There are 2 protein chains.
Amino acid sequence: MTLDQRQADVLFTIVRCYIQSGQPVGSRTVSRKSSLNLSPASIRNIMADLAEDHYIEQPHTSAGRIPSTKGFRFYLDSKLDMEILPAEVEEKIKSALISTGPDLTQTLSQASKLLSSISNQISLVITPSQHNIRWKHIDFILLRPGLVMSILVMEGGIVQNKIITVDSEITVDDLVKFSNYLNEHYQGKTLLQVRANIFSQIKRARKRFNNLYQKALNLARESFEPDNNRQVYVDGTHYLFQDSEFTDLTKMREVFRLLEERSKLLKILDQTMESEGLSILLGQEQDWQELSDYTVISSPYSLKGDNIGLVSIIGPTRMNYSRVIPAVDLTARILSQLFNEIFEHNAEKNMPKA
Amino acid sequence: MTLDQRQADVLFTIVRCYIQSGQPVGSRTVSRKSSLNLSPASIRNIMADLAEDHYIEQPHTSAGRIPSTKGFRFYLDSKLDMEILPAEVEEKIKSALISTGPDLTQTLSQASKLLSSISNQISLVITPSQHNIRWKHIDFILLRPGLVMSILVMEGGIVQNKIITVDSEITVDDLVKFSNYLNEHYQGKTLLQVRANIFSQIKRARKRFNNLYQKALNLARESFEPDNNRQVYVDGTHYLFQDSEFTDLTKMREVFRLLEERSKLLKILDQTMESEGLSILLGQEQDWQELSDYTVISSPYSLKGDNIGLVSIIGPTRMNYSRVIPAVDLTARILSQLFNEIFEHNAEKNMPKA
DNA sequence: ATTAGCACTCTTTACCTAAGAGTGCTAACA
DNA sequence: TGTTAGCACTCTTAGGTAAAGAGTGCTAAT
C-alpha cells in the first residue's frame, strides 16, 4: 500500500502542478515537470497505479488527474519542498510585532494582519486562554447597587472585564476590601491556581466564616471564571477571492458564515490546540461541511511549554503550502518567544518580592 | 426637470422590479405591475422621457431599462412603500437587547447580529465615541517600572484600557494617589469635560505646582485621550453572497477588503455621523471605488440628543430598501432608548451625591 | 392622448462541428 | 522486463450559425 520512490515522485509532481494551475494534470505535464526522465506513457502507467489506490482522481475520462484527499494528505505528511523564509522576513515580523509595544492585545492583532499578508490567506489568531497566565491586579467597580464590574489585569496587559450581579447591600468600601484582600493574597499566581484555591476556600467558608467573607469569595469566583469569550482576530478575508474562477461560491459563503460563528469556529480550532507544533486539517477528512474544499493550518503558541493560544490560516485545499506552512510556523514561534520574554521579564520582578 | 406623477410612478415600478429581479425591466412588465393602467406602448413613451433625463439606463438597444444612480436617488428620497415592521419584531429586538444584560459592549455586538439577520445584509455597529459619556472610575496599574495601564470605566460598563509609558520612578503609591484624586474630582463628568479641565490645569501647573502633580496630570491626559480605536462590530458578511450570480466578484472582494481597513471604513461612515436620522449613501454618488455597486444605510444612535455611535448596513444598490431601512432605523432607535435609559438611571443615582 | 401593429436590433439559447487534450491499450524496442 | 512510440477512443471546449425571444421605436389608427 505504501508508495515507492517513483510513485511518490509522480504524486508530488501532480500535487505541485495542481496547486499551481488548479487544473487536472496530464501525463505530458508530469513527464516534463518531474525529475525522473520518463515518457508520458510510462507516467500513465504509474498514474494508473496511483488512481487504483485512490491517491488521485479523474474528473472525467479524458481529463488529467487531480490529487484526492488521500493524495494531499500523503503530500502534506512528507512535507517536502517547504520554502525557507528569508531571515529578513523573520526580522521584519519580529520587529513589527515588538513595535506594537507592551500591549499584547495589539501584538496579537498585528500578528494576524502580518500572517495574512505574508501567506495571502485568511489568518486567525486566538487570544490566550488565561489559565496559565499570571495576573497582576483585580479591581471592583460598583456600577450601581447590585451591579459590579470586575477588571482583571494579567501579564502583558491582557484585560478581562466581567459584569457581575451581586447582593445589593455590597458597598464601595466592601469592594475595596475585597480587592485589597485578593490582590494581596493571589497576585502573581496563575488563574488556574487562583481558581483552585478559591474553590477550596469557599468550601471551608461555608461553615467557619462570616457573611461578608463569603460574599467576597463568591464575587472572586465569578471574576476568575474562565473567560468564555476568547477573541479571534481574523484578517485577510478578501484573499478567499483569489482564483475564485475555480471556486464554488456556495462553499466560499460557508467559510464566511463559519468565521462569524465563533463557537463553531473555536470547536474546530480547539482540536489542534493540544498538538505539538503545526497541524494541518483537510476539511474533507473531517466532518465539516463548512470547509469541504478548504484546509486549516494551525500552530499553537506557548508560554513556558504550555500551549495558550493558536495561530492559523484557512485556505483552499489547493493553496501554496510550501509558503503558507513556514509562515504559520514562524508566526507562532515568534509569538511564543515574545510571550516568554515578557514572562521572564516579569518573573524576575516578582521573584524578589515573594 | 422634476418628474410628474406618472413619470414618478413608472420610475418607482422600474426600481421595484429591478430590485426584485436584478434584470432590466421592460415596458410590458411595467405596464402589468404599475397601478396606472397603460399599455406597454404608452409606458415606452414615458420611459423614453425618463431615459432622456437620465433617470434610467439601457444596457443595450433591445434590453429593458435599469434605474440609474439618479433614478435610485429619486426613489430613495421619496421613501415610499417602506414596510412597517410588525410590533412583535420591535419587541423581539428590544427584549433580545435588554437580555444581554448591563454590559453595553454585549448589547452593541448583539444589536449588530440582530440587524444583519433581520435585514439580510452586512451590518455594522460602531461603538460610542466617548466624548459625551460620563465616566465612573479610573484606575492605574503598574505593569512594570515605567509602564502603567490605565483603565477607564464609563457609564454602561464601557471600558477603555490604555498602556502608557511613564517616568520609571513613579511608584504604586503614587498611582493610588493619582487615581484617588482623579476619581474624587472628575467622576460623573463627561470625557470631553474632563479633558478640557485637565488641559487647563496642565497649563497652570507648569508654573505653580510640584513635580508629582504634573506627572499625575500628564498621566491623566494620556488616559483621557480620545480613543482612536473605536470598535466596529461587523456581522452577516455571508449575506453578500446572495444573488451573487449577478454580482461582480472583484467588487465583492473590495467590500471585504474595506471591512478590514477600519480607518477607511470609519472615514466613510463618519460622514453620516452628524446627520439627523437615517442617511443613505450610494457608492456611485460618492467617490468610493470600493463600493461602486453598493449602498450604505446608516442611522446614528444618540445619548441626550448627541449622536454617539452608528448603526449601518452595507448592501448591493439593488437591495430591498423597504425592509432594510426600517430595520436600521428601528435598531438605532432602540439603542438610543437603551442608552438613555441607562443614562437616566445613573443620573438619578449621581444627582443626590453632587 | 393612447394604443395596436410591425419592423428592427440585440441577446440568449441551442445545436452542431472541429479541435484539443488526455487516456488506455498494444506492440515494438533496448 | 521495463520503457516507449503509436493509435484509436472519449470527453470537453471553442467556434460558428441559426432560431427564438425580449424589447424597442416608430407609425398610424382610435
Side-chain angles (χ1 to χ4, degrees), chain A residues 3-11 13-18 20-68 71 243 245-246 248, chain B residues 3-11 13-68 71 243 245-248:
Chain A
L3 303 181
D4 65 29
Q5 184 53 45
R6 301 176 54 184
Q7 289 173 317
D9 220 332
V10 170
L11 178 57
T13 310
I14 293 174
V15 172
R16 272 194 291 270
C17 294
Y18 177 68
Q20 219 191 359
S21 69
Q23 303 291 343
V25 183
S27 52
R28 268 178 74 92
T29 318
V30 176
S31 160
R32 274 184 292 114
K33 292 280 174 82
S34 91
S35 53
L36 18 89
N37 281 326
L38 291 176
S39 74
S42 312
I43 299 291
R44 282 204 287 278
N45 286 326
I46 303 172
M47 280 164 82
D49 295 347
L50 287 172
E52 209 171 329
D53 285 354
H54 304 290
Y55 285 98
I56 53 181
E57 284 161 359
Q58 221 170 352
H60 54 84
T61 335
S62 77
R65 310 299 172 86
I66 60 175
S68 66
D243 312 311
E245 324 95 78
F246 310 124
D248 182 349
Chain B
L3 303 181
D4 65 29
Q5 184 54 46
R6 299 176 54 181
Q7 289 174 317
D9 220 332
V10 169
L11 177 57
T13 310
I14 292 174
V15 172
R16 272 195 290 271
C17 292
Y18 178 68
I19 284 174
Q20 217 190 1
S21 68
Q23 304 289 346
V25 184
S27 53
R28 270 179 72 93
T29 318
V30 176
S31 161
R32 272 185 292 117
K33 290 281 174 78
S34 89
S35 52
L36 18 87
N37 280 326
L38 292 174
S39 73
S42 311
I43 299 291
R44 280 203 289 277
N45 286 325
I46 301 172
M47 280 164 82
D49 296 347
L50 288 172
E52 209 171 327
D53 285 354
H54 304 290
Y55 285 97
I56 54 180
E57 283 162 357
Q58 220 170 354
H60 53 83
T61 334
S62 77
R65 311 298 173 87
I66 59 175
S68 68
D243 313 312
E245 321 97 76
F246 309 123
T247 318
D248 182 349

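Being a predicted model, the structure only gives us computed values, none of them experimental.
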Visitor: By the 4.0 Å heavy-atom rule, please label A:Thr61 as base, sugar-phosphate, or nothing.
Guide: sugar-phosphate
Visitor: Using side-chain heavy atoms (C-beta onward) and a distance below 4.5 Å, is A:Leu36 in contact with A:Ile43?
Guide: yes
Visitor: By nearest nucleotide on DNA chain D, pick out whichever of A:Asn45 and B:Gly64 is the more 5' one.
Guide: A:Asn45
Visitor: Quick check against the 3.5 Å criterion: does A:Thr13 have a side-chain atom that pairs as donor or acceptor with the backbone of A:Ser34?
Guide: no
Visitor: Might you work through the side-chain contact (heavy atoms from CB on, under 4.5 Å) test for A:Ile66 and A:Ile14, ending with a clear yes or no?
Guide: CA-CA 7 Å; A:Ile66 60 175; A:Ile14 293 174; over 6 Å; no
Visitor: Atom CD of B:Gln58 and atom C1' of C:dT11: how far apart are they, to the nearest Å?
Guide: 13 Å
Visitor: Roughly, in whole Å, what's the span from CG in B:Asp49 to C1' in C:dA1?
Guide: 13 Å
Visitor: Heavy atoms of chain A, cut-off under 4.0 Å: which first and last nucleotide of DNA chain D, 5' to 3', fall inside that, if you could look?
Guide: D:dT3 to D:dT12
Visitor: Pick the closest DNA chain C nucleotide for B:Arg6 and for B:Arg44 by heavy atoms, then say which residue is nearer the 5' end.
Guide: B:Arg6
Visitor: Let me spell it out: for each of B:Ser62 and B:Pro40, pick the nucleotide of DNA chain C with the closest heavy atom. Which residue's pick is nearer the 5' end?
Guide: B:Pro40
Visitor: Do B:Ser35 and B:Asp9 touch side chain to side chain, with heavy atoms closer than 4.5 Å?
Guide: yes
Visitor: So, the side chain of A:Ser21 versus the backbone of A:Cys17: is there a donor-acceptor pair under 3.5 Å, distance only?
Guide: yes
Visitor: Using modelled atom types and a 3.5 Å cut-off, is there a donor and acceptor pairing between side-chain atoms of B:Ser68 and backbone atoms of B:Tyr55?
Guide: yes
